[in-house]
There are 2 protein chains.
Amino acid sequence: MSHHHCPAATDIQTPLAASGRPKDLEKRAAILTAAKQLFPGHGFDGISVDAIAQAAGVSKLTVYSHFQDKEALFMHAIGELCQELLPDHLFVPEAGEPIEDALRALADSFFALVASPAAISLQRLVLADVRAEGRLGRMFWRAGPARILASFEGFLGRAAAAGDLEIIDPAQAAIHFLSLLKGAVNLRMLCCGARAAEIPADEASAHVAGVVDVFLRAYQPRTPQAG
Amino acid sequence: MSHHHCPAATDIQTPLAASGRPKDLEKRAAILTAAKQLFPGHGFDGISVDAIAQAAGVSKLTVYSHFQDKEALFMHAIGELCQELLPDHLFVPEAGEPIEDALRALADSFFALVASPAAISLQRLVLADVRAEGRLGRMFWRAGPARILASFEGFLGRAAAAGDLEIIDPAQAAIHFLSLLKGAVNLRMLCCGARAAEIPADEASAHVAGVVDVFLRAYQPRTPQAG
DNA sequence: AACATACTATACCAGTCGGTTCAATAATTG
DNA sequence: CAATTATTGAACCGACTGGTATAGTATGTT
């Protein structure tokens, strides 16, 4: 049952001893694309392998040729979704920018991310699954929130070192700022549907402005700085 | 198929024309108890009606005698879970209490709620389900977050009227405070498992203290008040 | 007692699912 | 060419599901 002559044979094709017809990478991509489109909004149990195969224009057996399992396909699809959705370069403030402007720019990006239907459905998909307590949830946490927190913590540390902010614990301050930004919108979208609970642009910018304001009131140096 | 001689016959037993053997309410309670124990952690599709019936020590047909549907049983169970978990009296500050003490007490209660394994599993159960975008999600939102937000908004409004806090928009400030409290702990517990991500008591109280501190820095009147 | 209903046990139904088998065909290498 | 592998369509398997049917027993009302 558990013989593995060549490890991960169904995962990445071995360049060695490649005789015979090669696997069609486009079909593999089509399968993953279909999975990424179908799994959100239906959940792991809500969509069948047949449905994915059909949506990909591919035989079911081809799916099982490229992926060992339904679960393996699921994990690959979620992994790609995470990487697509979570940019590495969210926090790249311009040099010499005033701290409020930098914060507001970051806040706009982050809020747009957490309020996007794609992020909502991905988040729901991850939390929905029972596997969430195992590898899947931790994978999402590390690929998403953890990385963003760490990146923003670095930004706050530099701002504090420059005297723009008065922060003792940058990690805690990062959590504060990002939690304020997520606010109630994220949860309401998760509960009431991303499209149903979407808020208009002016409301969103007002929310972001309010958060930046609160954060600055709490973390701006009260003793005026030179510069 | 859809004849309803007596409306909600499977829901509440009609005291009228009660001839014959009456329904055993203890069995109904046992079914609901089993459902409330089993649905979280397995999801709607993850547990079968047979399993619930067996856990309740009851025949499957009895389940269908008390509840029209698997979905009806699910909704009843979730509804009871919500009501059990969400107390009405979370915000009852003592009169004459300093604002920081009142805030800290509220913060402790609220954080204990959102960081409790029961709340985590309920939240995951609700968000996981596809029905979340329909009645279920809205039911949870209104029974839980919405009510807490409204209650706390009232508290903040009174504090602002008394001059203890300097708040222009109490609703926004309530979202700020509760979002700060939820912080990253809630999401990490959702992702990595409630028990795995549980934080020690001293860390929790430090988190709460930090939040209250930040909130007061942002919302405490800068011009000293009389009293 | 007669009657009506709840409840149990068991079996059943129709449908779906994940996964496999089979035979045939297509694509690639040597 | 032959050999090898990918892909396909279809049928198939075993298991499970929500829900129902049947038949008999228990428990209540009148």
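Every chain is numbered from 1, with letters handed out A, B, ... down the list of sequences. Reckoned from all heavy atoms, side chains included, excluding hydrogens, waters and symmetry mates.
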Round to a whole Å and report the spacing from [atom1] of [X] to [atom2] of [N].
| X | N | atom1 | atom2 | value |
| --- | --- | --- | --- | --- |
| A:Y64 | C:dT20 | OH | P | 7 Å |
| A:D50 | C:dT16 | CG | P | 11 Å |
| B:D45 | C:dG18 | CG | P | 12 Å |
| B:D24 | D:dA26 | CG | P | 16 Å |
| B:E26 | C:dC7 | CD | P | 11 Å |
| A:Q54 | C:dG18 | CD | C1' | 16 Å |
| B:F67 | D:dG18 | CZ | P | 15 Å |
| B:L61 | D:dT20 | CG | P | 9 Å |

TODO: Using the side chain to side chain contact (heavy atoms under 4.5 Å, CB included) rule, take A:M189 and A:V114 through it: C-alpha gap first, then chi angles, then the decisive distance, then the call.
DONE: CA-CA 10 Å; A:M189 287 177 85; A:V114 298; over 6 Å; no
- [ ] Give a yes or no on whether A:R142 atom CZ has more than 12 heavy-atom contacts from other residues, nucleotides or ligands under 6.0 Å away.
- [x] no
Open item on the list: Let's test your reading of the model: under 3.5 Å, does the base of C:dA27 pair with the side chain of A:R21 as donor and acceptor?
Closed with: no
Open item on the list: Whether the side chain of B:K27 engages the backbone of B:A56 through a donor-acceptor N/O pair (distance < 3.5 Å, no angle test) should be reported.
Closed with: no
TODO: Give a yes or no on whether the backbone of A:L190 and the side-chain of A:R124 come within a donor-acceptor separation of less than 3.5 Å.
DONE: yes
From the list [options], which nucleotide is the closest neighbour of the side chain of [X]?
| X | options | result |
| --- | --- | --- |
| A:K27 | D:dT8, D:dA6, C:dT8 | D:dT8 |
| B:S59 | D:dT8, C:dT8, D:dT4 | C:dT8 |
| A:S65 | D:dT5, D:dT7, C:dT5 | D:dT7 |
| A:K70 | C:dT28, C:dC17, D:dG18 | C:dC17 |

TODO: Tell me which of B:E71 and A:K60 sits closer to the 5' end of DNA chain D, going by the nucleotide each one is nearest to.
DONE: A:K60
Open item on the list: Categorize B:I52 for me: base, sugar-phosphate, or nothing, with a 4.0 angstrom heavy-atom threshold over every strand shown.
Closed with: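 It contacts nothing in the nucleic acid.
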TODO: Check every strand shown and say whether B:I47 touches a base, only sugar-phosphate, or nothing at a heavy-atom separation below 4.0 Å.
DONE: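 It contacts sugar-phosphate atoms only.
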Open item on the list: I need the minimum non-hydrogen distance between B:L73 and B:A35, along with the two atoms involved.
Closed with: CD1-CB, 4.0 Å
Open item on the list: Check this one for me: any side-chain N or O of B:H66 less than 4.0 Å away from OP1 or OP2 of C:dA6?
Closed with: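 For C:dA6, OP1/OP2 do not have a side-chain N/O of B:H66 under 4.0 Å.
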Open item on the list: Please confirm whether the shortest side-chain N or O distance from B:T62 to OP1 or OP2 of C:dA6 is below 4.0 Å.
Closed with: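 Checking C:dA6 against B:T62, no side-chain N or O comes under 4.0 Å of OP1 or OP2.
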